[in-house]
Amino acid sequence: MFEAFYEKYAPEEQEVVALIRNCIGGGYNNKGDFWEMTAISLGMVFCATGENNIREGRLEWPVTEEERNSEEGWGRFGKEQICRIRVRKLLDEYVPNHTTPEKFNSWAVTGVLEPSVSCPELETVLEEYNKPVVIEDKVLGTLTLNREFDMFETDFSWNGKEFPSCLRSTRKANLHGAVPVLRQKLVSEREAWDKAMREFAAKKLTELANEWLAEDEENKAAEPITEETFAKRITLSELTITSGGGFTAYYNDDAMFWGHAVEVSGSLKKGITYTNLAG
């Protein structure tokens with residue numbers, strides 16, 4: 001049943017001790033009618049040679065629809081688990097074009113030999129992984145790394161209100177480049193950016209908001225939403241910045257879209273380029 005999955009991997013099996021970060025879910029393979037589960041590893045030690053591979057990787061395995069939410073699927077690996085498993089390496093021709101085999105570092109799991117083992121080398125990796133990574137910035141305050149989502153997080157003041165802000169980069173060098181850009185543009189000109197993002201979303205989504213309003217049986221007598229009222233009603237709830245200067249803002253919809261967020265994104269170089277519903 002899983003031939004379409006395993007044909008992407010080398011036939012040789014290897015025993016490794018792996019450190020699991022977490023299971024991130026699965027994607028449906030419609031050709032084979034099964035699910036491909038994925039867990040992220042933080043490092044592996046090869047049992048035959050003692051060689052280590054201390055970097056992030058992907059551990060993948062196929063399951064049926066019935067197995068997906070069982071111990072064979074989501075429950076196969078736990079967060080920060082160190083275990084001994086059998087794996088097969090992804091063949092180079094199946095590595096996505098945007099990356100390399102070394103960076104993608106993907107393996108098929110063919111068996112779990114020991115669900116819990118001791119490995120001082122990987123325990124040291126886990127200890128280092130769990131150390132807090134913090135950047136202090138005069139404007140943004142304390143930025144704390146959320147390793148699971150690969151971003152720095154802080155509570156940020158925007159036009160007198162506090163809300164979560166995220167910087168998408170786990171490299172301090174990149175963050176020291178991103179923070180000044182954010183401070184100089186989005187922070188120092190926040191009123192202008194906020195107004196522009198509201199107006200951009202209003203121009204693109206007011207017609208859709210009125211379509212949703214027409215379907216709301218409890219508000220049949222409500223006045224149509226104008227671009228002006230749309231822009232006033234949405235309120236910023238979260239802001240994400242990338243180290244390259246891109247940004248995505250999420251606005252509360254004031255129930256115009258029944259609780260969906262209004263997403264507005266762009267870059268400091270190109271300005272605001274996109275808006276849609278999210279969540």
Side-chain angles (χ1 to χ4, degrees), residues 24 40 56 96 98-99 103 132-209 212 225 227-279:
I24 62 172
I40 301 300
E56 190 173 287
H98 67 272
T99 186
K103 290 182 179 179
V133 178
V134 175
I135 293 175
E136 296 291 343
D137 181 76
K138 292 180 180 179
V139 175
L140 299 179
T142 301
L143 300 165
T144 303
L145 176 62
N146 183 326
R147 291 186 182 273
E148 186 170 336
F149 294 101
D150 291 339
M151 64 176 66
F152 282 83
E153 299 175 329
T154 186
D155 288 329
F156 180 62
S157 179
W158 181 276
N159 294 340
K161 295 183 179 180
E162 294 284 330
F163 66 92
S165 180
C166 308
L167 298 176
R168 290 189 178 274
S169 178
T170 56
R171 295 182 59 187
K172 280 192 174 183
N174 287 347
L175 262 295
H176 285 302
V179 169
V181 172
L182 174 62
R183 177 172 58 239
Q184 294 165 11
K185 296 294 183 179
L186 292 185
V187 176
S188 63
E189 303 169 13
R190 54 185 173 272
E191 292 184 6
W193 278 101
D194 186 41
K195 182 175 183 291
M197 288 190 286
R198 290 168 182 270
E199 291 178 349
F200 185 91
K203 183 177 181 180
K204 299 290 185 180
L205 299 177
T206 296
E207 182 178 349
L208 180 62
W212 284 58
I225 300 168
E227 290 187 14
E228 183 180 2
T229 57
F230 184 107
K232 289 180 178 179
R233 289 175 65 177
I234 60 175
T235 55
L236 191 66
S237 61
E238 184 176 329
L239 180 65
T240 299
I241 304 295
T242 68
S243 58
F247 63 83
T248 301
Y250 297 94
Y251 284 82
N252 291 325
D253 71 329
D254 194 29
M256 289 186 289
F257 300 108
W258 306 345
H260 290 276
V262 175
E263 176 185 345
V264 184
S265 62
S267 69
L268 298 180
K269 182 178 182 180
K270 296 181 179 180
I272 303 163
T273 57
Y274 174 84
T275 186
N276 207 337
L277 303 184

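Heavy atoms only: backbone and side chains are in, while hydrogens, waters and symmetry mates are out. Each residue takes its place number in the sequence, starting with 1.
For the residue pair Asn252 and Ser237, the shortest heavy atom distance occurs at OD1-CB, 3.7 Å. Contact record, Gly266 with Thr273: CA-OG1, 3.5 Å, taken as the closest heavy-atom pair.
Counting only heavy atoms from C-beta outward, the side chains of Tyr250 and Thr240 approach each other to under 4.5 Å. Side-chain atoms of Trp193 and Ile272, non-hydrogen and from C-beta on, do get closer than 4.5 Å to each other. By the 4.5 Å heavy-atom criterion applied to side chains, Asp253 and Trp212 are not counted as neighbours. Side chains of Glu227 and Lys203 form a contact here, defined as non-hydrogen atoms less than 4.5 Å apart.
When the side-chain hydrogen bond (donor to acceptor under 3.5 Å, both in side chains) test is applied to Glu207, no partner is found at least two apart in sequence or on another chain. Take Lys103 and apply the salt bridge (Lys or Arg N to Asp or Glu O under 4.0 Å) test, not counting sequence neighbours, and it matches no residue. Scanning for ring-ring contact (aromatic ring centres under 6.0 Å, His included) contacts around Phe200 gives an empty result, with sequence neighbours left out. Every residue meeting the salt bridge (Lys or Arg N to Asp or Glu O under 4.0 Å) condition with Glu228, not counting sequence neighbours, appears here in chain and number order: Lys232. Applying the side-chain hydrogen bond (donor to acceptor under 3.5 Å, both in side chains) criterion to Thr144, with sequence neighbours excluded, gives no partner residue.
Here the CD atom belonging to Glu199 is positioned 12.0 Å from the CZ atom belonging to Phe230, to the nearest 0.5 angstrom. Going from atom CZ of Arg233 over to atom OG1 of Thr206 covers 10.0 Å, rounded to the nearest 0.5 Å. To the nearest 0.5 Å, atoms CG (Leu239) and CE (Met197) are separated by 6.5 Å. For the atom pair CG of Leu205 and OG1 of Thr275, the computed distance is 4.5 Å after rounding to the nearest 0.5 Å.
Note on residues 260-270: no pairs pass side-chain hydrogen bond (donor to acceptor under 3.5 Å, both in side chains), not counting sequence neighbours.
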Thr248 and Tyr274: CA distance, side-chain angles, deciding distance, side chain to side chain contact (heavy atoms under 4.5 Å, CB included) verdict: CA-CA 9 Å; Thr248 301; Tyr274 174 84; over 6 Å; no

